[in-house]
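Data first, discussion second: the structure below is written as structure tokens.
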Amino acid sequence: MTVQLAGADAFHRWCTVADEVRSTTKRLQKLAALVDYFPSLPDDALAIAARFFSAIVFPRHDARTTQVGGSILWAALASLTGLSDESLAEAYGRHGDAGDMVGDVLVDRPASAHSLGWIEERFAALARATGSTARREIVRGALASLGGNEVRYFAKLLAGELRIGLKEAQVEEAVARTFERPLEQVRHANRLRGDIGEVAILARQGRLELVRLALFHPIGFMLAQPLATPEAIVEALPSPFVLEDKYDGIRAQAHVDGEEVRLFSRTLDDITRGYPEVVASLRGLGAGLVLDGELIAVDPVDRRRARPFAVLQRRLGRKAPTPAVLAEAPVGFVVYDLLAIDHELVLDSSYEARRAHLSSLSWRDDSALMASNTLAVTAHDVETAFARARDAGNEGLIAKDPASAYTPGRRGKSWVKLKRALATLDVVVTGVERGHGRRNHVLSDYTFAVRASEVDPTLLNVGKAYNGLTDAEIATLTKRFESITTERFGRFHTVRPEVVLEVTFDIVQRSTRHKAGYALRFPRIVRVRDDKLPTEIDTLARVRELAGDSDPSTDDA
DNA sequence: TATGACTGCCC
DNA sequence: ATTCTGC
DNA sequence: GCAGAATGGGCAGTCATA
């Protein structure tokens, strides 16, 4: 039975529940807080509350964004309170979180009567607004009229993360429990609809089973679990298993119905306009199709061959690619799965059955083509295929259980990925920064350098890394970095270059970001090298070599 | 008109 | 994207 | 084993400002 209280949809009530969630690390207790709260809400507020607990301000499939980040929030807060940058920085320093800074500065304001709907309307107003000045004024106005705890969560929602130990998967669980529906049904409906808010209402109404495939409305993607070695893959999958190359591109889902085609990204955004050659190639491929694959920059000579991700990146995010860009960086779509055919979902069919459907389509040209695959049994098979994939310019391998269903959202072990770090570098830390959130009080983010050459000890920054070390190691290093700090600029410390780290990464790319002229993709820390001196670290020549840049002597001018 | 800060979204 | 941590 | 937290590098688009 739904009990509706006066003011049940008040935002300050939502904030109280969020505090309750935040106050415990126990999942069951977090769920209980939501399960107590949800029934009291009318439908429209229930949808908003469910989205907000997932740190989502608009339905996922909704293209709107607030275009508000830390900078606009900061400016709005400064304008409202008249506080200096220094005082605001101090408040930020107490929490390491934008929302908690706002809550700190605007403490003691009485709760407002604003509803969840009112808050949602403010986000909508931000999405409609043009220019950062207008957005700052909207944020300022909202902060001015909200209570102390409400401003905290309003800001956290703007920042896109709550940091209360709750994410969308737990909200799905809470919806299932609240309305006594099977969790799998709730998850499935959410994967199909892409809006936990709508799903919460359907769960209450007992209408989840009515959720069907709606073509041109994106479905959640199936993800692969990373494994480090071929042996681990052999162990994780039944034998024989399927191997496909892992392309370094953009994951995309294509919906095709006759001449109509639409492309969606992993975040369920509509990216159709950016890839006209792929759209043209998919037209007329079939009726009621949903395809899963990778958009890649293709080699114009051998169109089955992918070019580096950096080439594709010039196409990424473009609203309307110019003819020049289309010619310079042609894109292809490598399709490896089929989720629907003739308007029927086939997620529960086996990989093999889905691939059979794919094969039955008449692929017309090479801007959209089927990914090839092979069968493997042993670790040696995997090793051989991995080497071949790398030779073909691809990132690594995806191994799949041929009998497995397509399970969106879950990083199960029926799809497993094998990548390999390019190499490791020994580097010295030149600067460190305080972290955010639970790392607010430690120095957790390290900028590091290599030596200019064997004879030139000049240090050239080449990257920044924050992960790979345990909390205990970070705590130890924090003390050490405090003791060798030479200068402070806000949260940043310059340190004496003494601490040597071994770092790893996927690739090295040319970059203007760091002094070395190169940057690392996916940098992470392997270990602290207390056995090494700063004079023993790697040099720029080594970085160049890893980047694949030829003869360094020719371009040192 | 050119440049750079900010934001979002790809990996 | 990757990695570590708490449950 | 899952879910959550913290955070790298780079490009396009938009707008404020020099």
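These numbers come from the heavy atoms of this one structure, side chains and all, not from hydrogens, waters or symmetry mates. Every chain is numbered from 1 and lettered A, B, ... according to where its sequence line falls, protein lines coming before strand lines.
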Original post:
Of all the choices, D:dG9, D:dA5, D:dC11, which nucleotide is nearest to the side chain of A:Lys464 once you look at every atom?
Top reply: D:dG9
**OP:** Using only heavy-atom distances, determine whether the side chains of A:Tyr153 and A:Asp19 contain a donor-acceptor pair under 3.5 Å.
**Re:** yes
Contacts under 3.5 angstrom, residues 306-327 of chain A side chains, donor-acceptor by atom type, not counting sequence neighbours:
residue	atom	partner	partner atom	Å
A:Arg307	NH1	A:Glu328	O	3.0
A:Arg314	NH1	A:Glu328	OE1	3.2
A:Arg315	NH1	A:Glu277	OE2	2.9
A:Arg315	NH1	A:Ala329	O	2.7
A:Arg315	NH2	A:Gly274	O	2.9
A:Arg315	NH2	A:Glu277	OE1	2.9
A:Arg315	NH2	A:Glu277	OE2	3.4
A:Arg318	NE	A:Arg314	O	2.6
A:Arg318	NH2	A:Arg314	O	3.3
A:Thr322	OG1	A:Val325	N	3.2

**OP:** Please identify each residue that fulfils side chain to side chain donor-acceptor pair (under 3.5 Å) with A:Ser367, with sequence neighbours left out.
**Re:** A:Arg303
Subject >> Qualifying side chain to side chain donor-acceptor pair (under 3.5 Å) pairs, either residue in residues 222-236 of chain A, two or more places apart >> reply: none
Original post:
When the distance from CZ of A:Arg524 to P of C:dC4 is rounded to whole Å, what number comes out?
Top reply: 10 Å
Subject >> Nucleotide-resolved protein contact map, nucleotides 3-11 of chain B, B/S/- at heavy-atom distance under 4.0 Å >> reply: ---SSSSSB
Original post:
With sugar-phosphate meaning primed atoms plus P, OP1 and OP2, does A:Ile164 contact a base, only sugar-phosphate, or nothing at under 4.0 Å between heavy atoms?
Top reply: sugar-phosphate
Subject >> For atom OH of A:Tyr275 and atom P of D:dA12, their distance in whole Å >> reply: 11 Å
**OP:** Name the residue closer to the 5' end of DNA chain D, choosing between A:Val462 and A:Thr130 according to the nucleotide with the nearest heavy atom.
**Re:** A:Val462
**OP:** Would you classify A:Lys26 as touching base, sugar-phosphate or nothing, given that sugar-phosphate means primed atoms plus P, OP1 and OP2, and contacts are heavy atoms under 4.0 Å?
**Re:** nothing
Original post:
Rounded to the Å, how far apart are A:Trp415 CH2 and D:dG1 P?
Top reply: 20 Å
**OP:** Would you please name every residue forming a side chain to side chain donor-acceptor pair (under 3.5 Å) with A:Asn467, sequence neighbours left out?
**Re:** none
**OP:** Quick one: sort the A:Trp74 and A:Tyr92 rings into parallel, tilted or perpendicular, breaks at 30° and 60°.
**Re:** tilted
**OP:** Let me know the distance between CG of A:Asn461 and C1' of D:dG8, rounded to the nearest Å.
**Re:** 14 Å
Subject >> Distance-only donor-acceptor test, A:Asp471 side-chain atoms vs C:dT5 base atoms, 3.5 Å >> reply: no
Original post:
Of all the choices, D:dG8, D:dA5, C:dT2, which nucleotide is nearest to the side chain of A:Asn467 once you look at every atom?
Top reply: C:dT2
Subject >> Residue mapping more 5' on DNA chain C - nearest nucleotide basis, A:Lys417 or A:Arg27 >> reply: A:Lys417
Subject >> Sugar-phosphate, base or nothing in reach of A:Ile525, heavy atoms under 4.0 Å >> reply: nothing
**OP:** Give the ring-plane orientation class for A:Phe216 versus A:His255, where under 30° counts as parallel, over 60° as perpendicular and anything between as tilted.
**Re:** tilted
Subject >> d(CD, A:Glu161; P, D:dA6) in whole Å >> reply: 7 Å
Subject >> Minimum-distance nucleotide to A:Ser132 side chain [options: D:dC15, D:dG9, D:dA3] >> reply: D:dC15
Subject >> OP1 or OP2 of D:dA6 under 4.0 Å from side-chain N/O of A:Arg439 >> reply: no
**OP:** Figure out the CD/P separation between A:Glu137 and D:dA16, and round it to whole Å.
**Re:** 12 Å
**OP:** Identify, with sequence neighbours excluded, every residue that meets side chain to side chain donor-acceptor pair (under 3.5 Å) alongside A:Asn440.
**Re:** A:Arg434, A:Arg491
Subject >> Atom pair distance, as rounded to whole Å: NZ in A:Lys413 and C1' in D:dG1 >> reply: 9 Å
Original post:
In whole Å, what is the span from the CZ atom of A:Arg136 to the C1' atom of D:dC15?
Top reply: 13 Å
Original post:
OP1 or OP2 of D:dG9 sitting under 4.0 Å from any side-chain N/O of A:His514?
Top reply: yes
**OP:** Just compare D:dG13, C:dC4, D:dA6 and give me whichever is closest to any side-chain atom of A:Arg318.
**Re:** D:dG13
**OP:** Please tell me which of the listed nucleotides, D:dC11, C:dG6, D:dA16, lies nearest to the side chain of A:Arg314?
**Re:** D:dC11
